[in-house]
Amino acid sequence: MNKHVGWWIGLMLVAVALPQSVAADKGGFDAARHKAVLAQRKLAEAERASADQKRTLLDEHMLMMQDAMTHMKGMQPGKEMSRDEHARWMAEHQALMDDLLTQMMADHKMMMGMNGCK
C-alpha cells in the first residue's frame, strides 16, 4: 500500500473521530490555524517544485497535516458554553477542518498526478 494512502486513512479517521466534550481555549484555534497556514505554505512550495523535490515536500506537508489534525483532535467545546458560544466554536472548528481537508485533497491530487493517475 502506498505510504501516502496510509496517511490519508489515518488523517481521515482522526477527523471523523473528534470527541466533543471538554473545554478548549482560544489559543487552541490560534495554534491550529497557525499549523494550517504553515502546511498551506508547504503545499504551495510543493506545487512550484520540480518533480524531484515535489515528493519530499508533499511528505513534509503530510507530516504537518498529521500534526495539525492531532492538535484539532485535542480541541473540544466546553460543557459550560451557551448555545451561541457552542455554535461559534463549531463554526470555527468546521472552518479549520474544511481548510485541512481541502489541503489533503490538493496533496492527494498532486501525488496522483506524479504517479501517472488522472
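As the structure is a prediction and not an experimental result, all values here were calculated from the model. As a basis for the values below, the full set of heavy atoms in this structure was taken, side chains included, without hydrogen atoms, waters or symmetry mates.
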Quiz item: Among the clusters formed by ILVMFWY side chains lying less than 4.5 Å apart, do Met72 and Met90 turn up in the same one?
Solution: yes

Practice problem: Please round to the nearest 0.5 Å and tell me the distance separating atom CG of Leu43 and atom CE of Met62. | Solution: 9.5 Å

Self-check item: With Ala87 via side-chain contact (heavy atoms from CB on, under 4.5 Å) - residues at least two apart
Solution: none

Practice problem: Assess whether side chain to side chain contact (heavy atoms under 4.5 Å, CB included) is satisfied between Arg55 and Met111, documenting all intermediate values. | Solution: CA-CA 8 Å; Arg55 184 169 303 275; Met111 284 301 290; 2.9 Å; yes

Self-check item: Separation between CG of Asp52 and CG of Leu57, rounded to the nearest 0.5 Å
Solution: 11.0 Å

Quiz prompt | Partners passing side-chain hydrogen bond (donor to acceptor under 3.5 Å, both in side chains) against Asp98 (at least two apart in sequence or in another chain) | solution = Gln94

Quiz item: Roughly how far, to the nearest 0.5 Å, is the CD atom of Gln40 from the CZ atom of Arg33?
Solution: 14.5 Å

Exercise. Kindly compute the distance separating CE (Met75) from CD (Glu92), expressed to the nearest 0.5 Å.
Key: 7.0 Å

Quiz prompt | Residues forming a side-chain hydrogen bond (donor to acceptor under 3.5 Å, both in side chains) with Lys35, sequence neighbours excluded | solution = Asp67

Quiz item: Taking ILVMFWY side chains as joined if any heavy atoms are under 4.5 angstrom apart, and letting links pass through other members, which residues group with Leu38?
Solution: Met64

Exercise. Mind listing the closest non-hydrogen atom pair of Leu100 and Met65 along with its distance?
Key: O-CE, 3.0 Å

Quiz item: Which heavy-atom pair separates Leu101 from Met104 by the least distance, and what is that distance?
Solution: CD2-CE, 2.9 Å

Practice problem: Identify the two heavy atoms, one from His71 and one from Ala32, that lie closest to each other, and give their separation to 0.1 Å. | Solution: CD2-CB, 3.5 Å

Self-check item: Shortest non-hydrogen contact from Gln76 toward Trp89
Solution: C-CZ2, 3.4 Å

Self-check item: Separation between CE of Met105 and NE2 of His108, rounded to the nearest 0.5 Å
Solution: 6.5 Å

Quiz item: Does any non-hydrogen side-chain atom of Gln66 lie less than 4.5 Å from one of Leu63?
Solution: yes

Exercise. Decide side chain to side chain contact (heavy atoms under 4.5 Å, CB included) for Glu85 and Arg88; before the verdict, give the C-alpha distance in whole Å, the side-chain angles of both, and the deciding distance to 0.1 Å.
Key: CA-CA 5 Å; Glu85 290 171 329; Arg88 283 192 301 272; 3.4 Å; yes

Quiz item: Mind checking what makes salt bridge (Lys or Arg N to Asp or Glu O under 4.0 Å) contact with Glu45, not counting sequence neighbours?
Solution: Lys42

